[in-house]
Every structure is written in C-alpha cells, then in structure tokens.
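Just so you know, these numbers come straight off a predicted model, no measurement behind them. As the structure lists them, so they are numbered: ligands from 1, and atoms in each ligand from 1.
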Amino acid sequence: MNTKDLKAKVEKLKKEIEHHNTLYYVNAQPVITDKQYDDLYRELTDIEATYPEFVTPDSPTQRVGGIAISQFSTIQHRQPMMSLANTYNKNELAEFDQRVQKLLSTKDYTYVLEPKIDGLAVSLRYENGILISAATRGDGKTGDDITANIKTIHTIPLRLNTDTPPPIFEVRGEVYMPIKGFLEINKNREESGQEPFANPRNAAAGSLKLLDPRQVATRPLDAILYAVGETTDITILTHVDLINTLKKIGFRTAPLYWHCTSINEIIKRIDELEKNRHKFPFEMDGGVIKINERNLYDIIGATAKAPRWAIAYKYEPEQAETTVNQITVQVGRTGVLTPVAELEPVTVAGSTISRATLHNIEEIRRKDIRIGDHVLIEKAGEVIPAIVKVITKERTGKEIKFSMPSTCPVCGGDITQRENEVASRCENLQCPAQIKRWIQHFASRGAMNIDGLGSALVEQLVETKLISTPADLYDLTISQLSHLERMAEKSAKNLCTAITTSKKRDFWRVIFALGIRQVGARSAQLLEEHYEDIYALKNATSEELEQIPDIGPIVTKNIIDFLHTDRTINFLNKLQTAGVNLKRNTTTNVSERLAGQTFVLTGTLSSMTREQAAEQIRILGGKTSSSVSKNTTFLVAGENAGSKRTKAENLGIRIITEEDFIKQILNVNQQQQTKLPQKPIQGELF
Ligand code: IVH
C-alpha cells in the first residue's frame, strides 16, 4: 500500500473504531464482537507503530497517551460557563414561569425537564469534528485544561460521528462517577487503608484533578452532555433537538427527560422524576427545567451568573432519625477492620436503611457515636448511608462507648495497628474474610476485570472450599461452577470464559490484582514501567523501589514483604502455570513513546538548550516545530515565554513547564537504557 492509501486506511480505521466505541460504551449495543473490535484496534496500532507520523491526537490509541504534569494550564471559555438559579420550592417554579411570561409577553413556549446530574461541569471543544480541548468550569470564565483526562472517558467521542461536522462545536455537560464504580473504588480505597471518597461527586472531582491521565484512566468516569457553548454553522432550534443531535453524533445524553407544555405539567413530572431518582446509574440531586425553544434564550437573557431561561429544582437532603442498635466489625482484603453501625431499620429516600459505615475508630471518636445512641442519618447522596450526628439531647446515660475488638471477629487472629495508620488489622493471612475480599479485589474491574464474579459467588466458592486463593480461579471448571447455587450452565460458561480471558490482562493490572497493601493502579503502572516481568519485580531491592517516584518507603516495604513470603511464591507459581500474563507487553516500543506528539519549545530552559531538548523528543519518536498551531500537542514553556505562549493559550494547546518535560523524558530514559544502545546526550543533560 502506498503512503496515501495507508493514510486513508488509518482515517477509515479511526472512524470505524470510534463508531464501534460509541455503540459499545454509549448505546450498549455493539454490532461486532470484542474480537472483531480488537482486530480493528490492532490493525491501527500496527500501522501507527510502523508510521508514527500517522498518529494523531484523535486516534483511539491516544485515549491514554498523555503525560503526568505538575499543574494544569488554563483555558479561557469563549462563552462563559454559567451556573443555574435553584429552588427547593415548587411555588417558586410557578414564579419562575411568571417571570418568563412577562419577559416574553407570550405563553407561546414549552419546557423540558431533565435530571440534574451531580457531577462536574465540563466544556468540550470540537473543531471540524475533532476533540481539541476540554476544560473545567473554573470561575466560569477560565477553567483548567483537562483534555488528556477527558480523553480517557470512553463515552466521550474523540471525533464526532458525522461526515459534516460544524467548524466549531463546543458541547457542555457533566462528568460523573457512576454509583457502581464509585462503590467499587471506595471499597478498594478502604482496603488499602486510604480515606474513601465521601460521595461520587467528590470521587469524580478528585479523579479529574489527577495530574496523570494514566491514573484517571483507571477511574470509572462517564459523562452526560446537555448544552452547547460556542458553535459555528449549525442551528439547533430546540432543546429536544439538541438532545437528539448530541445523541446522534455520539454523546451520552440524559436517559430520561420530559417535554411539557406548561409549568404545571413540569411540576407533576418533577414528582415522577423523584420517584425514579434511585433508578439512575448516577447521582442526581434534582431536576433542571429549561425553555425548549432556543431562539428565545437571547430574548429572556441572563443575570451575571445564570440564565433566566432555566432553573434547577433541588431535592431536600434525605435524612432520618434512628437508633444505633449495635456496632459490628467487618474484615477487608488486607485485614483492615471496618466498624459498621447496625441501625434500627428506617426508610430514607424510598429504601430501608439498616446499616451505616463508620469507616474507622477515629470517625467514631470524632462524632462520639455510642451503642444505643439516637442519630441523624443521611443517604450521603444516593449511596452510602452515613451518620451525620448524634442527637445528644436524647441520651439516657445507658449508651455504651465502642472499642475495637482485640482479636479478629471472623478468625480470632491477632489485631494490630500500624504506625501512621488509622486502621486496625487482622494479621492472619488465612482469615476467610481476607481471602474472600482478596479474591474479589483480584477479579474487580480495575484489576483482572473478571465479569460475573460477584461477592455472593466468591462467598460460595470459598465456603465450599473450591478456591482459597485467586490463582485457584483458573482451575475452576464449568461443571464445578454450574453446580453452585443460582448458577445456570450459561452463566458458568460465561464466567469460565471471563476467567480465561483475564489471563491476557496487562502486566500492571496483574500487579494491582495481587493485592499488595497500598499498591493501587497507579503504583502498579509505575512498577510495570520499571520491571519487565514478575521475576525482575521480585528481585527488586528496597533501594531501587524507593527511587521510583510515588513509591515511598512504606509501599516499598509492603511490596518486598508481600513478594517474599512462601504463600506469594506458591501463588505466583500457580498464576504462571495457569498462563496468566506476568510480563510487560513488549509491542509498545519505548522509543515511540512520543509518537504523534508535536512539541514547541519556547523561552529559556534552565537545564538544557532547546536543541538538546529537541533531540530528546526526536529520540523518543516525537516531533518539534518552531511555531504553535492547532497540531501542537504541548508547548514547553521555559522562562520568559512570550507570544508563543499566548498563541498556545488562545488555541487551547496544553502548556507544560520545563520540570514536567524533564520528568517525562527522564522517566522514559530510565527504561530506555536497556533498549537503546546509544544514549546520546543523556549523561550531559541529567
Ligand atoms: S444546564 C447555562 N442541565 O448543575 C446553564 N446543568 O447547579 C447550563 N447540571 O452548572 C447548565 N445537570 O453543572 C444543566 N441537566 C442539566 C444539569 C446541569 C447538572 C449542573 C451544571 C450546572 C449546575 C448548577
């Protein structure tokens, strides 16, 4: 194939993959098999590996291609990102309608009611159909440049699904963490002794603020789009049309909305929306009411902060009073003991609540929660019921202070509290509670991603002694599984396939899945970067490990302790015998790390000349250019960066500091030593 044909092929593949990506992730209606998808993807990566010049920022292979930075650069919104006026009171909705009527001097308009998603507002800019930049709301005028992080969200298209994209199309909406993913991530955090996120919104915010897109990619984020910012050459007459257009070109939109002819109808629908509140896969905290006819927006206008053509109706926080009957203790994967309040059952937000997590002993002390206390509970958002406070005036004096047990409530093993940790732990690695959680962690989405292996099933598998480590999963047969309770032959087959498929997971996922204390997905990725296989990792010394950024002495100790026990050695041998991938994927050549990326260097660099920096970029497969254009991936801004910086800001190009640049290059160079025989200017530079 000649170069022109190859380029056309790459374009075709990118389009096709994005299309199937939307069908799979957004519509949940794939029309090709996973294998067919993987083949398309492989075809594209193969061509890109041979012709790095064909790699473009909108390639599906670049979803997790960014680098870690030390701070976000900013993006100015061409149109301000407004907030919404809100109310908790239905009478005020009628007043809102009165104001609209007065402003328009007519009743000739309709409304749309849609869920108010509790996430973070973002603005995505597409130029000629390609995602160019993404920003947070910030102060409404200027937001953070989170392009690399946004690209990791599979339901956000990198290119619009249309052959006639508008030259400029800014689309706005909410990034959120689905409730299911939030629960899973919090479970993992608690297990590894980290503070859990308070609610899905905080989890989404914390994830979008991460400076390393590879870490963001391990967070289950999603996005729903509901508005536009700057657009050219496209007219969308109504909000309903907007929703349909967004859906058609590949975005996820609200799963439910109502088009109503009067505010009274809207008020009725608000109750219906509230009834459905808990059916949404995301947290929602009310409804948004918008005028449907978009041509009226300019006439109705806006205040300094919010448009007058829309209003949010918010639900009251869902709280109830009840009694703490008992405080029990659960044992997690790494033996962490979590106290749980057993409550007198009470209905909050339509569901019966009988337990609330107390996280750790510190939390119990801080809130002074005692057995027998009368407490105010809140469904913190939709998900975890939490105790807000003790109603102390109801105390009788009979309440009992809680203290952590001195032995494990499941296996009777010893309990310890490590220095610098709030958590108490059961130290018995054979504790059935720990084994079950370990297996669940191994199979979880962020780790080996074994679909269909839920907690109830793990419970059964361990109780019936079919398995006692995650490695035993690979010996399970369809017949063994189909004999279990609530397990039909088809689900048994599916599970076996899922287990087999997991053998080919990336090495970092396997490292994460091992369940080493405080080794999360990010640390696992760093370890994969430094060690090519499990044997190299096992032979790593403390000194070496501690030198890896972000792997401190405590994590190093955890890694060394874990990898050198007989139990782990047996476990790893079993994984190897089963054929689980225990080495880094070598098809990604480090020297192509920057393939498809174009750098512009400006200002004075303090630790090298620009020529040296350019040489480093070239060695790593990247390109440099002397001028900023929309094809620029990064502007490296040294001291006194001038007009190039301004131009980059205007174009929404990511700006990185010299420090970020060096970190990235250094990071790659460390691995490169073994791969590239000649290390041209490295010694001189660093
Ligand atoms: S419309 C110009 N629609 O709620 C106003 N906002 O509390 C554009 N939000 O800033 C916003 N769901 O971040 C709109 N269906 C929805 C929404 C929604 C959630 C957020 C948005 C907004 C905030 C106001």
Which residue and non-hydrogen atom of the protein lie closest to [atom], and at what distance in Å?
atom                    : answer
atom 14 (C) of ligand 1 : Y226 CE1, 3.2 Å
atom 12 (N) of ligand 1 : I117 N, 3.0 Å
atom 4 (O) of ligand 1  : K116 NZ, 3.0 Å
atom 13 (O) of ligand 1 : E174 OE1, 2.9 Å

Taking 4.0 angstrom as the limit and counting only heavy atoms of [X], give me the atoms of ligand 1 inside it, by number and element.
X    : value
M82  : 2 (C), 10 (O)
V288 : 3 (N), 15 (N), 16 (C), 17 (C)
R137 : 10 (O)
A121 : 13 (O)

* W258 and I289: side chain to side chain contact (heavy atoms under 4.5 Å, CB included), yes or no, with the steps? -> CA-CA 10 Å; W258 288 272; I289 297 116; over 6 Å; no

* Answer yes if the ring centres of Y257 and H239 are under 6.0 angstrom apart, and no otherwise. =>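 No, the ring of Y257 stays outside the 6.0 Å limit from the ring of H239, centre to centre.
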
* Based purely on interatomic distance, does K290 place a nitrogen or oxygen under 3.5 Å from a nitrogen or oxygen of ligand 1? ->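 The answer is yes, given that K290 and ligand 1 share an N or O pair closer than 3.5 Å.
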
* Asked: Is there any N or O on A227 that sits under 3.5 Å from an N or O of ligand 1?
  ->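 It does not: no N or O of A227 is found under 3.5 Å from an N or O of ligand 1.
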
Closest heavy-atom pair and its distance - [X], [Y]:
X    : Y    : answer
K90  : I270 : CE-CG2, 4.0 Å
V628 : K647 : O-NZ, 2.9 Å
Q62  : P57  : CB-O, 3.9 Å

For the residue pair [X] and [Y], establish whether any side-chain heavy-atom pair is separated by less than 4.5 Å.
X    : Y    : result
T352 : P345 : yes
K389 : K367 : no
I130 : Y126 : no

* Asked: Thinking salt bridges, do E362 and R366 make one under a 4.0 Å N-O criterion?
  ->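 No salt bridge links E362 with R366.
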
* Criterion side chain to side chain donor-acceptor pair (under 3.5 Å) against S123, the qualifying member of E230, Q79, R172 ->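 Per the side chain to side chain donor-acceptor pair (under 3.5 Å) rule, the option paired with S123 is R172, out of E230, Q79, R172.
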
* Asked: Quick one: does N86 get within less than 4.0 Å of ligand 1, heavy atoms only?
  ->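 Distance cut 4.0 Å: N86 fails for ligand 1.
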
* Are P115 and ligand 1 in contact, using a heavy-atom cut-off of under 4.0 Å? ->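 The answer is yes, since P115 has a heavy atom less than 4.0 Å from ligand 1.
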
Using a heavy-atom cut-off of under 4.0 Å, does the side chain or the backbone of [X] touch ligand 1, or both, or neither?
X    : result
R172 : neither
E114 : side chain
L84  : both
A310 : neither
P307 : side chain

* Asked: Can you say whether the rings of F96 and Y111 are parallel (under 30°), tilted (30 to 60°) or perpendicular (over 60°)?
  ->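 Ring orientation of F96 relative to Y111: tilted.
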
